[in-house]
Amino acid sequence: MKIRPSTGFSSPSPSFGQGTVVVLMSGGVDSSVTAWLLQKAGWHVVGVTMKIPETGKSPGGCCGRDAASVALGLGIPHYTAFIEREFEQLVIEPFVESYLRGSTPNPCADCNALLKFGLLWDELEDAFGESFLATGHYARIEQEGENFFLSRGKEPSKDQSYFLYGVARHRLPRLLLPLGGYSKEEVRALAREAALSVAEKSESMEICFAGEGDYRRLLDGRSLPHGKIVDEDGELLGTHKGIANYTVGQRKGLGISSRDGLHVLRIDPGRNAVVVGPRERTFRRRVRARNVNILFPVPPEEGAFLFGKTRSRGEPLPCDLLRMDENVLEVLFHEPQFAPTPGQRLVLYDAGGRVAAGGVIEYSEEAE
RNA sequence: UGGGGUGUAGCCAAGCGGCAAGGCAGCGGACUUUGGAUCCGCCAUCGCUGGUUCGAAUCCAGCCACCCCAG
């Protein structure tokens with residue numbers, strides 16, 4: 001990984017020094033407003049944009065250019081972090097592997113945990129010394145005594161804490177998320193107030209590295225053997241186009257007509273089969289996750305009443321903690337959850353919306 | 001080639017003389033810093049050919065196709 005001043009910017013400073021915050025700028029509205037807000041608050045702001053691999057039709061360099069021009073407008077230094085290789089290894093490869101294994105990856109969560117707030121932050125500190133890091137995520141950092149917490153953004157529908165659960169706890173004191181207290185509308189208004197060139201830019205969505213087409217293109221070249229689509233009794237219902245094209249809970253694209261519609265209940269990589277059934281059969285109460293990251297200074301005890309999410313959308317819902325340690329996170333939801341999906345994340349919150357811990361879902365069952 | 005039955009969109013399926021329900025699948029849009037979900041919208045002139053009728057998917061005739069029973 002190399003971090004260099006972006007074209008048109010002066011040579012690197014030897015160190016950032018006190019009062020410096022590095023803002024990860026994507027070139028979008030949110031991170032641009034983030035930089036502006038922090039600058040207004042008196043921080044010495046340095047912009048950094050990650051250069052990720054260009055796949056397919058992804059708009060080459062457009063975002064880096066936007067970010068640089070915003071930085072120029074704000075009069076702040078701007079650097080480009082060339083992380084193509086790291087991104088490939090830490091995000092794209094696991095992404096592909098996950099699909100091939102029959103699970104559903106969450107590249108954004110990986111990118112945050114492993115790259116932005118992992119490798120990149122390490123690298124920044126190596127190069128420029130300890131500094132604060134900020135992003136335009138809709139989530140908040142709360143301080144209570146000497147403890148820091150990651151918590152939900154003010155606007156529930158925009159909250160992105162789900163994607164951030166993987167940040168190492170020791171990073172929280174130096175992480176700044178200034179947008180967490182604003183609504184999307186307010187941020188948009190701030191962008192106009194600041195006369196940012198990207199103020200009217202539309203929301204980005206979909207996988208950043210997949211480009212125009214859908215993610216399946218990234219699996220091109222891999223052999224995706226077709227196989228059977230069966231119901232829970234093993235009855236053959238149809239043919240699938242390779243396990244990697246499906247995800248638990250999926251309804252569209254099965255091509256099978258039935259009385260009420262079918263959803264993927266589970267994917268069986270061993271038999272190269274996709275098991276489908278009616279919607280009500282997708283619900284699960286007990287969910288177990290691995291690769292746990294605990295954010296609370298003291299993990300809640302077994303039996304603790306928490307709120308969990310098994311997917312990015314939707315509100316955290318009541319559950320009881322069955323187990324939480326570095327290896328396993330397991331909960332029992334009060335109400336059955338729609339299709340908890342292996343590979344997606346289980347993120348737990350306390351009643352105050354603070355992230356207690358999270359992990360990668362590996363298994364779920366109806367109840368018990 | 002005797003008897004009986006069926007024939008409505010890719011699939012299932014309402015309708016029984018008055019301008020073709022619904023579901024599934026599919027397509028399109030909305031939502032969304034992952035996937036999926038969800039929501040909204042679109043999607044047939046009724047096997048064919050004649051006839052009866054102001055008017056037929058609905059009645060009649062012939063033909064075709066498929067299914068069942070019997071040979």
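Throughout, a chain's letter reflects where its sequence line sits, starting with A, and its residues are numbered from 1.
- Taking atom C1' on both B/U38 and B/U32, the two are 11 Å apart, rounded to the nearest angstrom.
- In the set B/C31, B/C24, B/U33, the nucleotide with an atom closest to the side chain of A/Arg313 is B/C31.
- Under the Watson-Crick or G-U wobble criterion, with both distances below 3.5 Å, B/U1 is left unpaired in every strand shown.
- At a cut-off of 3.5 angstrom, counting only N and O atoms as typed in the model, there is a donor on one side and an acceptor on the other between the side-chain of A/Thr341 and the base of B/G35.
- Only A/Tyr99, A/Thr104, A/Pro105, A/Asn106, A/Pro107, A/Cys108, listed by number, bring a heavy atom of residues 94-116 of chain A to less than 4.0 angstrom from any atom of RNA chain B.
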Run the numbers on A/Lys228 and A/His240 for side chain to side chain contact (heavy atoms under 4.5 Å, CB included), then give the verdict. CA-CA 6 Å; A/Lys228 295 176 178 177; A/His240 72 247; 5.5 Å; no

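- Spacing between B/A65 and B/C39 at atom C1', rounded to whole Å, works out to 42 Å.
- Across all their heavy atoms, A/Val21 and A/Ala134 have their closest contact at CG2-CB, 3.7 Å.
- Place A/His263 and A/Lys158 on RNA chain B by their nearest nucleotides, and A/Lys158 ends up nearer the 5' end.
- For the pair A/Arg345 and A/Tyr162, the cation does not sit on the ring face, since its NZ or CZ is not both under 6.0 Å from the ring centre and inside 45° of the axis.
- Figure legend: A/Arg169 and A/Phe148 shown without cation-pi pairing, the cationic atom not lying both under 6.0 angstrom from the six-membered ring centre and within 45 degrees of its axis.
- Nucleic acid contact class of A/Gln160 (heavy atoms, under 4.0 Å, all strands): base.
- Under the 3.5 Å distance criterion, with hydrogens and angles disregarded, a donor-acceptor pair is assigned to the side chains of A/Glu142 and A/Ser151.
- Using a 4.0 Å heavy-atom criterion, one finds that A/Gly253 contacts the sugar-phosphate atoms exclusively.
- Residue A/Arg259 has no polar side-chain atom (N or O) positioned under 4.0 Å from OP1 or OP2 of B/C11.
- One P atom belongs to B/G50, the other to B/G15, and the distance between them is 29 Å to the nearest Å.
- Donor-acceptor pairing under 3.5 Å is recorded for the side chains of A/His78 and A/Ser6.
- When heavy atoms are screened at a 4.0 angstrom cut-off, A/Arg311 is found touching base atoms of the nucleic acid.
- Look at A/Asp159 and A/Lys154 and you find no salt bridge, because none of the NZ, NE, NH1 or NH2 atoms lies under 4.0 Å from a carboxylate O.
- Within the shown strands, B/G62 is the pairing partner of B/C48 under the Watson-Crick or G-U definition, both distances less than 3.5 Å.
- Both distances falling under 3.5 Å, in either a Watson-Crick or a G-U wobble arrangement, place B/G41 opposite B/C27.
- Looking at which nucleotide of RNA chain B each of A/Ser157 and A/Lys252 is closest to, the 5′-most match is held by A/Ser157.
- Distance, A/Phe87 CZ to B/U33 P: 17 Å, rounded to whole Å.
- Look at the P atom in both B/U53 and B/U58: the space between them is 16 Å, to the nearest Å.
- A distance of about 10 Å separates the P atoms of B/A13 and B/G7, rounded to the whole Å.
- Here the separation of B/C46 from B/A14, taken at their C1' atoms, is 12 Å to the nearest Å.
- B/U8 sits 28 Å from B/U1 when the P atoms are compared, rounded to a whole Å.
- Of the nucleotides present, none pairs with B/C19 by Watson-Crick or G-U wobble criteria with both distances under 3.5 Å.
- In this structure, OH on A/Tyr165 lies 10.0 Å from CG on A/Leu295, to the nearest 0.5 angstrom.
- The interatomic distance linking A/Ile361 (CD1) with B/G35 (C1') rounds to 12 Å, in whole Å.
- Within the nucleic acid shown, A/Arg279 comes within 4.0 Å of sugar-phosphate atoms alone, with no base atom in reach, counting heavy atoms only.
- A distance of about 15 Å separates the P atoms of B/G3 and B/A61, rounded to the whole Å.
- Side-chain proximity of A/Ser257 to the nucleotides B/U34, B/C11, B/G36 is greatest for B/C11.
- Side-chain contact of A/Lys116 with A/Asn112: a donor-acceptor pair under 3.5 Å is present, judged by distance alone.
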